[in-house]
Amino acid sequence: MSHTLLSAFIASLALGQIVFLLTYNPAIFNRLNPVIGDTGYGLLALTFYLHGPLLYHYVRALTAEQYPWYWQYAVPGVVCVVLVVIDPLHYSAVLQQMFWRPFVLVGVVGFLLSVCYGVATLAYIRQYSQRLRDRFCTIDTMEYGWLRVMSWGFVVVWVIEVLPPFFYPWAPWWLQQWVTHLPGLLELMLVCFVVFSGLFYARFTRVISEPKAVAGADECNETLAEQIRERMVNEQLYAQPRLNVERLATQLGLPARQLSHIINRHFNKNFYEFINDYRIAEVKIRLRSEQWRDRSVQEIYESVGFRSRSSFFTLFRKQVGVTPSQYRDQAG
């Protein structure tokens, strides 16, 4: 479903550029307007409503195991259609002066809706990144970073698209032209980014399923938490590469939801922090150890479960304040 939504999103952007050409090219407008009228142009402007919802639903479908479709998703679109039919400019001189034609008002409302959906998309991506940290101990920022860059880019474009009716009366000609044509250029660059990222990064974006509810899973047992701590240290369960909360829960004989709850409530950490704190602590011990003196830093961090050099160095420097080599030298 995510592939279909991505294709629909890109198609809506292309259609939006065609509508822009039909609207702002004087020769085309003068020929087409007598044929379809303001109502026809208003219906064409509904294209601008599609951008934000399609982006939002694409991101949701890409990152969720199941993403059902509900008829309520179409409600904002119905509102825009009603806006075309009732033509508010016919009843308000102020609106008519500000927006000058019905399709301009419809387009602005469509872009405002897209901005709202863009903000909702960014909020969802933030939630998604947190859920990744609750499930996995190894996370590449680009798994969701490209979605964040894409969403921010389109939000900026849509905000610019909303501006013209509010400053055209006083803005100089050159500024009007910049604001009119800059979104199209930015959109072209973003489409290239989306296509590239969709081909290379989308397949690495992890799908997250909702954990199954289990009776008693939300209880935080102090004795059980202490047992988990002991087994983590004694058995070095954290040293397994690409460990996730489900795999660790199976080894501990617990439901994944209960383990996640204990980590969050008792240890005040997410799964990502919980596992990597143990790893960094063990790396520090081995960097000070005579037994590991002849081993390289890479051998040491790989021995505790790290597979990404950049992730390890970022975490180590964040927690310790120096690089692993500097820490080893300071330890003597």
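All figures in this text were calculated on a predicted structure; none of them were measured in a lab.
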Q: Find the distance between CG (Leu54) and OG (Ser7) and round it off to the nearest 0.5 Å.
A: 10.5 Å
Q: Check the hydrophobic clustering (I, L, V, M, F, W, Y; side-chain heavy atoms under 4.5 Å; chains of links allowed) and say if Phe154 and Leu188 are grouped together.
A: no
Q: Please check this pair: side chain of Thr23 against backbone of Val19, looking for a donor-acceptor N/O pair closer than 3.5 Å.
A: yes
Q: Are any non-hydrogen side-chain atoms of Val283 and Tyr327 less than 4.5 angstrom apart?
A: no
Q: Hey, are the side chains of Ser114 and Glu161 touching, using non-hydrogen atoms and a 4.5 Å cut-off?
A: no
Q: What closest approach, in Å, do Thr63 and Val59 show between heavy atoms, and which atom pair accounts for it?
A: OG1-O, 2.9 Å
Q: Would you name the heavy atoms of Ala225 and Ile262 that are closest together and state the gap between them?
A: CB-CG2, 3.9 Å
Q: Provide the closest heavy-atom pair for Thr47 versus Gly16 in the form atom of the first, atom of the second, distance.
A: CG2-N, 3.6 Å
Q: Are Leu5 and Val195 connected into the same hydrophobic cluster when the rule is that any two of I, L, V, M, F, W, Y join if their side-chain heavy atoms are below 4.5 Å apart?
A: yes
Q: Of all residues at least two apart in sequence or in a different chain, which pass the side-chain contact (heavy atoms from CB on, under 4.5 Å) check with Val159?
A: Val115, Val155
Q: For the residue pair Glu273 and Phe267, establish whether any side-chain heavy-atom pair is separated by less than 4.5 Å.
A: no
Q: Under the 3.5 angstrom rule, does the side chain of Asn270 hit a backbone N or O of Asn264 as a donor-acceptor pair?
A: no
Q: Would you please name every residue forming a ring-ring contact (aromatic ring centres under 6.0 Å, His included) with Tyr278, sequence neighbours left out?
A: Tyr238, Phe274
Q: List the atom of Ile125, the atom of Ser151, and the distance in Å for their closest heavy-atom pair.
A: CD1-OG, 3.5 Å
Q: Hey, does Arg135 have a side-chain heavy atom less than 4.5 Å from the side chain of Asn244?
A: no
Q: What residues, two or more places apart in sequence or in another chain, satisfy side-chain contact (heavy atoms from CB on, under 4.5 Å) together with Leu32?
A: Leu22, Ile36, Tyr41
Q: Applying ring-ring contact (aromatic ring centres under 6.0 Å, His included), can you list everything that pairs with Phe196, at least two apart in sequence or on another chain?
A: Phe200
Q: Atom NE2 of His3 and atom CG of Leu62: how far apart are they, to the nearest 0.5 Å?
A: 8.0 Å
Q: Would you indicate whether the side-chain heavy atoms of Leu224 and Leu254 approach each other to under 4.5 Å?
A: yes
Q: Of all the heavy-atom pairs spanning Pro241 and Arg247, show the shortest one and how long it is.
A: O-NH1, 3.6 Å
Q: Residues in side-chain contact (heavy atoms from CB on, under 4.5 Å) with Ala249, at least two apart?
A: Ala256, Leu259
Q: How long is the span from the CD atom in Gln330 to the OG atom in Ser325, to the nearest 0.5 Å?
A: 11.0 Å
Q: Quick one, Tyr117 with Leu55, criterion side-chain contact (heavy atoms from CB on, under 4.5 Å). Give me CA distance, side-chain angles, the key distance, then yes/no.
A: CA-CA 8 Å; Tyr117 272 99; Leu55 174 65; over 6 Å; no
Q: Walk me through whether Thr121 and Met150 qualify under side-chain contact (heavy atoms from CB on, under 4.5 Å).
A: CA-CA 10 Å; Thr121 303; Met150 173 184 69; over 6 Å; no
Q: Do the non-hydrogen side-chain atoms of Thr323 and Val297 ever get within less than 4.5 Å of each other?
A: no
Q: With sequence neighbours excluded, what pairs up with Arg286 under the salt bridge (charged side-chain N to carboxylate O under 4.0 Å, His left out) test?
A: Glu282
Q: So does Gln291 have more than 12 non-hydrogen atoms from other groups sitting under 6.0 Å from CD?
A: no
Q: Is the Phe312 ring parallel, tilted or perpendicular to the Phe316 ring (thresholds 30°, 60°)?
A: tilted
Q: Return yes when atom CZ of Arg288 has more than 12 non-hydrogen atoms of other residues, nucleotides or ligands closer than 6.0 Å, and no otherwise.
A: yes
Q: With side chains defined as the heavy atoms from C-beta onward, is the minimum distance between Tyr272 and Leu315 less than 4.5 Å?
A: yes
Q: Does Val322 reach the side chain of Asp329, with side-chain heavy atoms less than 4.5 Å apart?
A: no
Q: So, does Arg307 use its side chain to make a donor-acceptor pair with the main chain of Glu302 at under 3.5 Å?
A: yes
Q: Within this structure, what is the OH-CG distance for the pair Tyr56 and Leu122, rounded to the nearest 0.5 Å?
A: 11.5 Å
Q: If you count every heavy atom of other residues, nucleotides or ligands that lies below 6.0 Å from Arg126 atom CZ, does the total exceed 12?
A: no
Q: Passes side-chain contact (heavy atoms from CB on, under 4.5 Å), Val194 versus Leu13? Steps please.
A: CA-CA 12 Å; Val194 169; Leu13 296 175; over 6 Å; no
Q: Is Trp152 atom CH2 crowded by more than 12 heavy atoms from other residues, nucleotides or ligands, each under 6.0 Å away?
A: no
Q: When rounded to the nearest 0.5 angstrom, what distance separates CG in Leu182 from CG in Leu163?
A: 10.5 Å
Q: Could you check whether Gln251 and Gln240, counting side-chain N and O atoms only, form a donor-acceptor pair closer than 3.5 Å?
A: yes
Q: Please assess Ile280 against Lys284 for the test side-chain contact (heavy atoms from CB on, under 4.5 Å), listing each intermediate value before the final yes or no.
A: CA-CA 6 Å; Ile280 294 295; Lys284 290 166 64 178; 4.1 Å; yes
Q: Classify the ring geometry between Phe111 and His51 as parallel (under 30°), tilted (30 to 60°) or perpendicular (over 60°).
A: tilted
Q: Between the side chains of Arg309 and Tyr301, is a donor N or O closer than 3.5 angstrom to an acceptor N or O?
A: no
Q: Hey, quick one: are Ile285 and Phe313 part of the same hydrophobic cluster, counting side-chain heavy atoms closer than 4.5 Å, chains of contacts allowed?
A: no
Q: Can you name the closest pair of heavy atoms from Pro324 and Leu287 and give their distance?
A: O-CD1, 3.8 Å
Q: Nearest 0.5 Å please: distance from the CG atom of Leu248 over to the CE atom of Met232.
A: 5.5 Å
